[in-house]
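In this text, all values refer to a predicted model and were calculated from it rather than measured experimentally.
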Amino acid sequence: MFEKCLGCKWTLHVLAQIRAGVVRPRQLERTADGLTTKVLNERLSKLVRFGIIGTESFAEIPPRVEYLLTPFSEEFVEIIDRFDELQNRHQE
């Protein structure tokens, strides 16, 4: 499951942005050069399907969807943080 879900360079970027409070699709798309609508939608769909992120829909016109971290992803990003700290310590 892990490799199937995270097998794209954009997945961790998208998770980091959602964690930082960027929760709307258009906002997410603007966070990195080269991140296309198609790739973003694929990443978001896969992350939702695997339960790594969740969605909140608002009954508005036009419809609005926001993405949020699930309990799983909150723990997962903590593991990523620890990995980054370990990598930084050993690069010095």
Side-chain angles (χ1 to χ4, degrees):
M1 173 188 135
F2 187 77
E3 187 175 317
K4 285 182 183 178
C5 184
L6 298 178
C8 173
K9 70 178 184 178
W10 294 113
T11 302
L12 295 178
H13 173 79
V14 169
L15 279 174
Q17 294 304 309
I18 293 171
R19 182 183 190 195
V22 181
V23 295
R24 308 266 325 267
R26 281 286 190 224
Q27 292 172 326
L28 287 165
E29 192 176 326
R30 293 185 205 123
T31 61
D33 291 335
L35 178 57
T36 64
T37 303
K38 179 183 181 237
V39 170
L40 176 62
N41 288 336
E42 289 171 355
R43 293 293 93 206
L44 291 170
S45 295
K46 203 169 250 193
L47 289 167
V48 169
R49 188 169 57 246
F50 281 102
I52 297 174
I53 62 172
T55 61
E56 186 174 358
S57 299
F58 298 88
E60 299 174 352
I61 307 258
R64 177 170 55 118
V65 174
E66 293 183 355
Y67 293 91
L68 50 103
L69 296 180
T70 62
F72 174 86
S73 59
E74 288 174 2
E75 287 186 53
F76 181 68
V77 295
E78 289 175 10
I79 292 168
I80 293 169
D81 288 345
R82 288 194 301 261
F83 178 78
D84 286 342
E85 290 168 10
L86 178 67
Q87 187 176 22
N88 290 336
R89 255 195 336 263
H90 289 279
Q91 284 181 349
E92 294 173 353

Q: Apply the side-chain contact (heavy atoms from CB on, under 4.5 Å) test between Glu56 and each candidate in Val65, Leu68, Val23; give the one that qualifies.
A: Leu68

Q. Rounded to the nearest 0.5 Å, how far apart are CG of Asp81 and CZ of Arg19?
A. 4.0 Å

Q.
Once rounded to the nearest 0.5 Å, what's the spacing between atom CD of Glu66 and atom CD1 of Ile18?
A. 10.5 Å

Q. Does a side-chain N-to-carboxylate-O contact under 4.0 Å join Arg82 and Glu85?
A. no

Q.
If you count heavy atoms of other groups shown closer than 6.0 angstrom to CD of Glu75, is the number above 12?
A. no

Q | Gap separating the CG atom of Leu86 from the CD atom of Gln91, nearest 0.5 angstrom | A | 10.0 Å

Q. What heavy-atom pair brings Ile52 and Thr70 nearest, and what distance separates the two atoms?
A. O-OG1, 2.9 Å

Q: Taking all non-hydrogen atoms of both residues into account, name the closest pair between Pro25 and Tyr67 and its distance.
A: CG-CE1, 3.8 Å

Q.
On a heavy-atom basis, which atom in Leu28 and which in Leu44 lie closest, and how many Å separate them?
A. CD1-CD2, 4.1 Å

(Q) side-chain contact (heavy atoms from CB on, under 4.5 Å), that's the test. Do Thr31 and Val14 meet it? Break it down for me. (A) CA-CA 9 Å; Thr31 61; Val14 169; over 6 Å; no

Q. So, are Lys38 and Glu42 salt-bridged, with charged N and O less than 4.0 Å apart?
A. yes

Q.
Does atom CZ (Phe58) have a neighbourhood of more than 12 heavy atoms from anything else shown, all under 6.0 Å?
A. yes

Q: Taking all non-hydrogen atoms of both residues into account, name the closest pair between Leu35 and Glu29 and its distance.
A: O-CG, 3.7 Å

Q) How are the rings of Trp10 and His13 set to each other: parallel, tilted or perpendicular (split at 30° and 60°)? A) perpendicular

Q. Quick one: OG on Ser45 to CD1 on Ile53, what's the gap to the nearest 0.5 Å?
A. 8.5 Å

